Amino acid sequence: MIERLTIRRPDDWHVHLRDGDMLRAVAGYTARQFARAIVMPNLTPPVTSVAAVEAYRDRILAALPAGADFTPLMTCYLTDDSDPAEIARGHASGAWVACKLYPAHATTNSAHGVTDIRALTAVLETLQRIGMPLLIHGEVTDRDIDIFDREAVFVERVLAPLVRDYPELRIVLEHVTTTEAVDFVASAGPHVAATITPQHLLINRNALFDGGLRPHAYCLPVAKRERHRLAVRRAAVSGSPKFFLGTDSAPHGVHRKEAACGCAGIFNAPFALEGYARVFEEEGALDRLEGFASEHGARFYGLPLNDGTVTLERAAVTVPERIGEGDLAVVPFHAGETLAWRFVG
Ligand code: NCD
Ligand code: ZN
Ligand code: ZN
């Protein structure tokens, strides 16, 4: 049995670091495990301008613990009014590395998102031309589509035509949860990739109703049936360069989760690698964790691989029931459970 696992320093290709006090409370967890992270722009107000993203990046750097070696990779939130010239300007200067497409009202802080992707022609042409990735929350928002079908319907109605119309556009379908999404990405060309979260590898939709309503298992896209979880697992451990680590760590204060209308989002940053290691071990694929966590994403984004390594050791770790105090108290993924791998550093 393997007792220690050392891999190249990994990156998180999808994280919500939030802002203000919550940013200061959570940034250290991501910086502890990951060298770089793609930081989502769904703040209030959303990050839509070069000036806003530069200021947000500075706030992230200021929030990091002393001595942290962590690079936030910033993103631009697309709206119906996004200006292709501003996007290209920020890309050329290095202010942001990708654009994020939230269908309007699909998820947390997406009210300013895109109402009709057909209105984005000039933006999409620009992204394709300059080689800037488009990151997608891939769910339709039609209320007549069952919530468990929203990703599969998005793939068919929106993503497939998009890939057809913009064959050179670099696309990351974020936090994939279904057989349909995994199959689409696997069979698309090399410009189409996907991130995979720990929760979608570890829980199915039963977790939402396990003995009662479980708000801390609720995120979007919502966890699906077991057969979908197994398909997502197969993709993660397949060794395919199209699938890479993106935690979608999305902290919300306990009071905002345990409410009549609880927020979507799972805070998994404190034990992210431990969760992924469990999955890869269960699948007999620990030798493929490094590709998934530390290589595929960097190659897709055209960035160098990180120097240095991190180590996990086989040791029981009990996950706290809560992290933080007062309004900043957050329930982490795996709260109260004991995990088999421990992140050493
Ligand atoms: C994310 C959040 O809270 O910002 N929530 C979630 O359930 N995943 C938004 C998102 O990634 O869709
Ligand atoms: Zn999302
Ligand atoms: Zn997210």
Side-chain angles (χ1 to χ4, degrees), residues 11-20 22-23 25-27 29-30 34 37-47 56 60 72-78 98-114 133-141 147-148 150-151 154-155 158-159 171-178 181 193-203 205 207-208 214-224 232 244-259 261-269 272 275 297 328 330-333:
D11 302 302
D12 183 352
W13 300 100
H14 181 138
V15 72
H16 301 270
L17 293 182
R18 309 302 194 206
D19 209 346
M22 189 61 93
L23 166 64
V26 303
Y29 293 106
T30 294
F34 299 103
I38 288 276
V39 181
M40 291 294 141
N42 61 331
L43 306 181
T44 31
V47 180
Y56 183 34
I60 293 169
L73 303 170
M74 308 305 292
T75 58
C76 167
Y77 183 115
L78 294 179
C99 282
K100 182 65 191 274
L101 171 67
Y102 291 102
H105 306 290
T107 186
T108 307
N109 292 343
S110 61
H112 301 278
V114 173
L134 175 69
L135 318 182
I136 302 180
H137 180 106
E139 289 190 287
V140 295
T141 53
I147 188 165
F148 293 100
R150 287 181 188 174
E151 182 179 274
F154 183 92
V155 168
V158 184
L159 186 59
I171 296 172
V172 183
L173 185 60
E174 300 291 335
H175 45 43
V176 287
T177 63
T178 57
T195 54
I196 298 180
T197 75
Q199 59 266 22
H200 293 117
L201 294 166
L202 287 162
I203 63 173
R205 66 190 198 174
L208 286 152
R214 298 286 185 172
H216 301 292
Y218 175 56
C219 67
L220 288 170
V222 69
K224 305 295 192 299
V232 174
F244 39 85
L245 186 159
T247 63
D248 192 21
S249 184
H252 293 280
V254 177
H255 60 293
R256 306 201 48 205
K257 295 283 291 175
E258 297 177 5
C261 186
C263 293
I266 292 178
F267 178 50
N268 59 34
L328 297 174
V330 184
V331 174
F333 189 43

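Since the model is a prediction, treat every value here as computed from it, not as a measurement. Whatever order the structure lists ligands and atoms in, that order sets their numbers, starting from 1.
The Zn ion (ligand 2) sits nearest to atom ND1 when only the N, O or S atoms of H137 are considered.
Between the E151 side chain and the A181 main chain, no donor and acceptor come within less than 3.5 Å of each other.
Note: H175 and H137 have perpendicular aromatic rings, judged against thresholds of 30 and 60 degrees for the angle between ring planes.
Coordination check, H175 versus the Zn ion (ligand 2): passed, since an N/O/S atom of the residue sits under 2.8 Å.
Backbone and side-chain nitrogen or oxygen atoms of L220 are examined, and one is located within less than 3.5 angstrom of a nitrogen or oxygen of ligand 1. An N or O contact shorter than 3.5 Å links H16 to ligand 1 by distance. Among the atoms of K100, none of the N or O lies under 3.5 angstrom from an N or O of ligand 1.
E174 contributes atom CD, which lies 8.0 Å from atom CD1 of I38 (distance to the nearest 0.5 angstrom). The CG atom of L208 sits 9.0 Å away from atom OH of Y218, with the distance rounded to the nearest 0.5 Å.
When the heavy atoms of T197, T108, D248 are ranked by distance to atom 2 (C) of ligand 1, first place goes to T108. Counting only non-hydrogen atoms, the option in T107, I266, V222 that gets closest to atom 9 (C) of ligand 1 is T107.
For atom 5 (N) of ligand 1, the nearest protein heavy atom (residue, atom name, distance) is A264 O, 3.1 Å.
A donor-acceptor contact under 3.5 angstrom links the side chains of K224 and T177, judged on distance only.
A 4.5 Å side-chain heavy-atom check between H112 and L78 finds every atom pair outside the cut-off.
One finds an angle of 90° at the Zn ion (ligand 3) between NE2 on H16 and OD1 on D248, to the nearest 10 degrees.
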